[in-house]
Undergrad: 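One structure, as structure tokens, below. Some questions next.
Just the heavy atoms: all of them, side chains too, but no hydrogens, waters or symmetry mates, feed the values below. Numbers restart at 1 for each chain; the letters A, B, ... are given by sequence-line order, proteins then strands.
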Amino acid sequence: MSLSLKRKDLMIVNMGPQHPSMHGVLRLIVTLDGEDVIDCEPILGYLHRGMEKIAENRSIIQYLPYVTRWDYLATMFTEAITVNAPEFLENIQIPKRASYIRVIMLELSRIASHLLWLGPFMADLGAQTPFFYIFRERELIYDLFEAVTGMRMMHNYFRIGGVAADLPYGWMDKCLDFCDYFLQGVVEYQELITQNPIFLERVEGVGFISGEEAVNWGLSGPMLRASGIQWDLRKIDPYESYNQFDWKVQWQKEGDSLARYLVRVGEMRESIKIIQQAVEKIPGGPYENLEARRFKKAKNPEWNDFEYRFLGKKPSPNFELSKQELYVRVEAPKGELGIYLVGDDSLFPWRWKIRPPGFINLQILPQLVKKMKLADIMTILGSIDIIMGEVDR
Amino acid sequence: MIIDRVEVETINSFSKLELFKEIYGLIWILPIFALLLGITIEVLVIVWLEREISASIQQRIGPEYAGPLGLLQAIADGTKLLLKEDILPSRGDIPLFSIGPSIAVISILLSFLVIPLGYRFVLADLSIGVFLWIAISSIAPIGLLMAGYSSNNKYSFLGGLRAAAQSISYEIPLTFCVLAISLLSNSLSTVDIVEAQSKYGFFGWNLWRQPIGFLVFLISSLAECERLPFDLPEAEEELVAGYQTEYSGIKYGLFYLVSYLNLLVSSLFVTVLYLGGWNFSIPYISFFGFFQMNKIIGILEMVIGIFITLTKAYLFLFISITIRWTLPRMRMDQLLNLGWKFLLPISLGNLLLTTSFQLVSL
């Protein structure tokens, strides 16, 4: 911003928090020289709700309904990381069936998230129609979620030691039907979008990030993989049962917005592959580790009182987090979603540090948009894929 | 318009009385109102078409409650805009803010003067015909620029500047295409241009003699209308609504009207310049040659001519509407590159080719 004040003919435009393409409430203070962007300063915090502080006086089961409000488009991942952290802290095993159910849910959620990235990204480029097409498929995913969890977006489905309920009868056939249908849908997107010359002209070479830069900025997820680095936590640091499926890490070496588009579309196909295998191979057995609730019971009987018994379907596990600390991570659709958890021999976490992928990925935005055109801001911002609920927490 | 010259003369011969003179004056106003009414109805139909076609492209239903098939939706929207509060930006330039939309509307409406809808069915068969349209339609960006400047809003200002830059750069290839057409038909009058295409029906269209010019004309007229691959002045994702950002109520409605009027004019001109206007266009079959020319047949012919013109025009409306809901938007520098580095040289080359062929054929 120091540069901008010297020349008088520069125009400072304030975009957001109310602006059609700021993906919620991001605010950018853009310095323009005609159509050229000289400088860009993002301002965050319009959706800050103190999610980390809230976690410090909730037990994990009480906190679970909050976490779907971080990244409200990839809700399963926030729940997964919230239960993974205490599970890893206390070394709780989960049944194989629960693990497979989690994988199916996570991958469906990844597809939903990538779909709701694709639509607004194309809308940012000016094409409104893909937005309606992606909703067609996304609705089906949410119907599947609704059948299992009872909710479409804010599921509250994962539990320490498993999931809240088993898959209903016939659900897996529905899921396989969806997989077949969705593969056709992806072909349709490819036909409509990928070869379009105007689209290619808008995204090719726009927002270039080299592999080294991507690592140095701490980028993760498709942002990193589009820059030629094959880094997928499902392969690198396997959790749940991802190492039992046959799938490939999607990556491109160009590092521009087109590469990020291709990586995400490829990931949707790979997710379908994982879901199909998981549905084929899912074992029987329990869907939750009932013993998990018996571990490390806190002495405080207050949480076993009468009025707390009816808070949920099952009694709130008065599950004590021991005095240890650890960092857990999953590969969310936006990138590496991590929790740094510090226990203090109490029901509540002493510290619950969230590493949101969108927040870290967003840091590179000012550098990318400099010396680009005004319209490229929207392309680059769209290709980063941010959700302000997660960025501001 | 409806009155033939013979009739005018007969009226003139009787108009020694003052009363007749006044009636005569009134009769001359009537066609203008008729045309205005027709244009309004057509715009309403275009709005409805745009909404229905976009709905079917996007797998939605579209308007269905206001009237049968939602036909009255556009009227309902227009009434709503008319009754809404007219908000003026507190530190804007109010006179300019109010004049802006009306300049844009008037300049577009004036270009309907020279459009022949049927055989001799034109408000003013001027000898400079097409150039009146080109001259007048370049006034509209001034209105947009006024609107953008006077809104005291940075988005509006950028939108107004973009509108000006865009229409200046696409006016030139457009003019070259029209020049090539007028060379072919040895006239600038729109009626003569259509007549020149009437000989071989379908095969006589300028489309076949000017394929390059046709494509260039199509692209630049889309850009002149600020339709989607080129709708940068009002790019929602970048400039909120461009020069319309601060407008509300009927002034916003006027801008909305301008965009559809512009589209209508462009597609009518595509019809007139390249698709043989009101001609029936099946070769070697003359529809009315068999009949004696009497009045009823004349009226019938006129009605059919109007119908054919509108059909051809609506074909182009359909194409531009589907383009709008399929393609993403271009960037400003790509838009200007396309205009100055691609369309301008091509249209210039096309004009030179046409000229040399005309010289050879002389």
Undergrad: So what's closer than 4.5 Å to chain B heavy atoms on A:I377: side chain, backbone, both or neither?
TA: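 Neither the backbone nor the side chain of A:I377 comes within 4.5 Å of chain B.
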Undergrad: If I measure from the heavy atoms of chain B, does A:L32 come under 4.5 Å with its side chain, its backbone, both, or neither?
TA: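 Just the side chain, heavy atoms under 4.5 Å.
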Undergrad: For B:R162, is it the side chain, the backbone, both or neither that has a heavy atom under 4.5 Å from a heavy atom of chain A?
TA: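 For B:R162, side-chain heavy atoms alone lie under 4.5 Å from chain A.
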Undergrad: Taking the side chain as everything from C-beta on, heavy atoms only, tell me whether A:Q128 gets closer than 4.5 Å to B:R324.
TA: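 A side-chain contact under 4.5 Å is absent here.
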Undergrad: Please look at A:V206 and chain B and tell me whether the side chain, the backbone, both or neither of the residue comes under 4.5 angstrom of a heavy atom of that chain.
TA: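 Only the side chain of A:V206 comes within 4.5 Å of chain B.
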Undergrad: Under 4.5 Å between any side-chain heavy atoms of B:F157 and A:M11, yes or no?
TA: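 In short, these two side chains touch, coming nearer than 4.5 Å.
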Undergrad: Output every pair passing side chain to side chain donor-acceptor pair (under 3.5 Å) with a member in residues 381-390 of chain A, not counting sequence neighbours, ordered by first then second residue.
TA: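 Every side chain to side chain donor-acceptor pair (under 3.5 Å) pair that includes a residue of residues 381-390 of chain A, provided the two are not neighbours, is A:R260-A:S383.
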Undergrad: Is a side-chain donor or acceptor of A:T129 paired with a backbone partner of B:Q58 at a separation under 3.5 angstrom?
TA: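 No, A:T129 side chain to B:Q58 backbone: no donor-acceptor pair under 3.5 Å.
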Undergrad: Can you check whether A:E201's main-chain N or O pairs, donor with acceptor, with B:Q334's side chain at less than 3.5 Å?
TA: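 It does hold such a pair.
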Undergrad: Is B:R331 paired with A:E35 through a side-chain N to carboxylate O contact shorter than 4.0 Å?
TA: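 Between B:R331 and A:E35 there is no salt bridge, as every charged N stays at least 4.0 Å from the carboxylate O atoms.
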Undergrad: Report the option among A:T379, A:D376, A:V13 that has the most heavy-atom pairs separated by less than 4.5 Å from atoms of chain B.
TA: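 When all of A:T379, A:D376, A:V13 are compared, A:D376 has the most.
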Undergrad: Please check if the number of heavy atoms outside A:F359 that lie under 6.0 Å from its CZ is greater than 12.
TA: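 For A:F359, atom CZ is not crowded (no more than 12 foreign heavy atoms under 6.0 Å).
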Undergrad: To the closest 0.5 Å, what do you measure between CZ (B:R60) and CZ (A:F132)?
TA: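 One finds 4.5 Å between CZ of B:R60 and CZ of A:F132.
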Undergrad: If you take all heavy atoms of B:P328 and A:I198, which pair is closest and at what distance?
TA: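 Smallest heavy-atom distance, with atoms named: O-CG2, 3.6 Å.
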Undergrad: With a 4.5 Å cut-off on side-chain heavy atoms, are A:F199 and B:R329 touching?
TA: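 No; the side chains remain at least 4.5 Å from each other.
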Undergrad: Would you say OH of B:Y149 has more than 12 non-hydrogen atoms from neighbouring residues, nucleotides or ligands within 6.0 angstrom?
TA: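 Open.
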Undergrad: Which salt bridge (charged side-chain N to carboxylate O under 4.0 Å, His left out) pairs, counting each pair once, include a residue from residues 239-260 of chain B, with sequence neighbours left out?
TA: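 Found B:D86-B:K251.
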Undergrad: Is there side-chain contact between A:H19 and B:Y155, with heavy atoms separated by less than 4.5 Å?
TA: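 Touching, per the 4.5 Å side-chain cut-off.
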Undergrad: Evaluate the side-chain proximity of B:L327 to A:N196: yes if any heavy-atom separation is below 4.5 Å, no if none is.
TA: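 Yes; the side chains approach each other to less than 4.5 Å.
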Undergrad: Any side-chain heavy-atom pair from B:M332 and A:K373 closer than 4.5 angstrom?
TA: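 When only atoms from C-beta onward are counted, A:K373 and B:M332 do not touch, as no gap falls below 4.5 Å.
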Undergrad: By a 4.5 Å heavy-atom criterion (distance strictly below it), what part of B:L158 contacts chain A: side chain, backbone, both, or neither?
TA: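 The answer is the side chain of B:L158.
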Undergrad: Should we say atom CZ of B:F342 is surrounded by more than 12 heavy atoms from elsewhere, each under 6.0 Å from it?
TA: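 12 or below, so no.
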